[in-house]
Amino acid sequence: DQQVKQNSPSLSVQEGRISILNCDYTNSMFDYFLWYKKYPAEGPTFLISISSIKDKNEDGRFTVFLNKSAKHLSLHIVPSQPGDSAVYFCAASDPSGTYKYIFGTGTRLKVLA
Amino acid sequence: NAGVMQNPRHLVRRRGQEARLRCSPMKGHSHVYWYRQLPEEGLKFMVYLQKENIIDESGMPKERFSAEFPKEGPSILRIQQVVRGDSAAYFCASSPVPPPLGYTFGSGTRLTVV
């Protein structure tokens, strides 16, 4: 039972263009959503989060959008840089304990120079 | 200011052996979380510990797996009588109290069972 889904396993984008990574969820009780970035042989690094009471959160080149009615969130990276090439995980905080996260399966982003 | 330290980075065990994975939290952090990532899957929560206490072990398999975070020393995830299906990357994270949104993970231990 996959509560957080990332349906695109990979995405390629030209340097300087926008990268859009998508995530869908099934549980309307999720309070917070997070994006993590992971390079090979490293642990996931926290990138940005959004509360369920908001529909947008921005941090530099990274913006997360939340559409609660569609149970959908997306991460926008503008402009994309080669160093952004990594696997991006969407996660939601578990309503039974907000300290534990439910992760999607990840999307591998490749930014082409 | 070291981050979360996990060792070993790679661990190979034969079926039936024991695996011990260590996690030293960031300085000042008293809470530790363990996650497992199976091939082609996302990270899955296993256990949440504070020093000398297991707070939530709802994600731990019922048998062969145990975790501890003693008063002194690193947190240990122990897997007894390993099987091929235990092959995965095991990540540890730590946080202060209360846990902020988005805690810090270590680089992980990749366990291979042969």
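Chain naming here is simple, since letters A, B, ... match the order of the sequence lines and numbering starts at 1 in each. If you're wondering where the values come from, they're calculated on a predicted model, not measured in any experiment.
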Participant: Between B/Y103 (side chain) and A/Y99 (backbone), is there a donor-acceptor pair under 3.5 Å?
Facilitator: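 Checked: pair present.
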Participant: Report yes or no: do A/V78 and A/L66 belong to one cluster of Ile/Leu/Val/Met/Phe/Trp/Tyr joined by side chain heavy-atom distances under 4.5 Å?
Facilitator: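 Shared cluster, no.
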Participant: Where does A/Y36 contact chain B at under 4.5 Å (heavy atoms): side chain, backbone, both or neither?
Facilitator: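 Just its side chain gets close to chain B.
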Participant: Check for me whether the distance between the ring centres of B/Y35 and A/F103 falls short of 6.0 Å.
Facilitator: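 Centroid separation for B/Y35 and A/F103: below 6.0 Å.
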Participant: Is the NZ atom of B/K51 crowded by more than 12 outside heavy atoms at less than 6.0 Å?
Facilitator: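 Correct, the count exceeds 12.
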Participant: Give the C-alpha distance, both sets of side-chain angles, the deciding distance and a yes or no for side-chain contact (heavy atoms from CB on, under 4.5 Å) between B/E41 and A/Q2.
Facilitator: CA-CA 10 Å; B/E41 294 188 15; A/Q2 192 73 16; over 6 Å; no
Participant: Using a cut-off of under 4.5 Å on heavy-atom pairs, state which of B/Q6, B/E40, B/R9, B/H31 scores highest against chain A.
Facilitator: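 Option with the top pair count is B/R9.
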Participant: Determine, using the 4.5 Å side-chain heavy-atom cutoff (strictly less than), whether A/W35 and A/L11 are members of one ILVMFWY cluster.
Facilitator: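 In one cluster with A/W35: A/L11, yes.
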Participant: Any chance CZ of B/R15 has more than 12 other-residue heavy atoms, nucleotides or ligands included, within less than 6.0 Å?
Facilitator: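 Not buried by this count: 12 neighbours or fewer within 6.0 Å.
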Participant: Can a donor-acceptor pair be found, under 3.5 Å and without considering hydrogens, that links the side chain of B/R110 to the backbone of A/A41?
Facilitator: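 Side chain of B/R110 to backbone of A/A41, a donor-acceptor pair under 3.5 Å: no, none is there.
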Participant: When you look at NZ of B/K44, are more than 12 heavy atoms from neighbouring residues, nucleotides or ligands closer to it than 6.0 Å?
Facilitator: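 Yes, the 6.0 Å shell around NZ holds more than 12 heavy atoms from other groups.
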Participant: When you group the ILVMFWY residues by side-chain heavy-atom contacts below 4.5 Å and let the links chain together, are A/V87 and A/Y39 in the same group?
Facilitator: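 In one cluster: no.
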Participant: Is A/L34 reachable from A/I48 through a run of hydrophobic residues whose side-chain heavy atoms are each under 4.5 Å from the next?
Facilitator: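 Different clusters: A/I48 never reaches A/L34 through Ile, Leu, Val, Met, Phe, Trp or Tyr contacts under 4.5 Å.
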Participant: Could you have a look at B/S107, B/S58, B/A93 and say which one has the most heavy-atom pairs with chain A under 4.5 angstrom?
Facilitator: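 So the answer, after comparing B/S107, B/S58, B/A93, is B/S107.
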Participant: For each of A/P44, A/G106, A/S49, tally heavy-atom pairs with chain B at distances under 4.5 Å, and name the one with the top tally.
Facilitator: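 The residue among A/P44, A/G106, A/S49 with the greatest pair count is A/P44.
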Participant: Is atom CE of B/M60 surrounded by more than 12 heavy atoms (other residues, nucleotides or ligands) closer than 6.0 Å?
Facilitator: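 Yes, the 6.0 Å shell around CE holds more than 12 heavy atoms from other groups.
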Participant: I need the minimum non-hydrogen distance between A/E42 and B/F91, along with the two atoms involved.
Facilitator: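 Answer, listing the atom of A/E42 first, then B/F91: O-CE2, 3.9 Å.
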Participant: To the closest 0.5 Å, what do you measure between OG1 (A/T105) and CG (B/L43)?
Facilitator: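 Between A/T105 OG1 and B/L43 CG, I get 11.0 Å after rounding to 0.5 Å.
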Participant: Just wondering, do A/K100 and B/D56 contact through their side chains at under 4.5 Å, heavy atoms?
Facilitator: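 They are in contact (side-chain heavy atoms under 4.5 Å apart), so the answer is yes.
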Participant: Hydrophobic clustering (ILVMFWY, side-chain heavy atoms < 4.5 Å, transitive) - are B/V47 and B/F65 grouped together?
Facilitator: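 In one cluster: yes.
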Participant: Would you say B/F105 and A/F46 make side-chain contact, with heavy atoms under 4.5 Å?
Facilitator: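 Of all side-chain heavy-atom pairs linking A/F46 with B/F105, none is under 4.5 Å.
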Participant: Has B/Y33 got a side-chain atom pairing as donor or acceptor with A/Y101's backbone, closer than 3.5 angstrom?
Facilitator: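 Absent.
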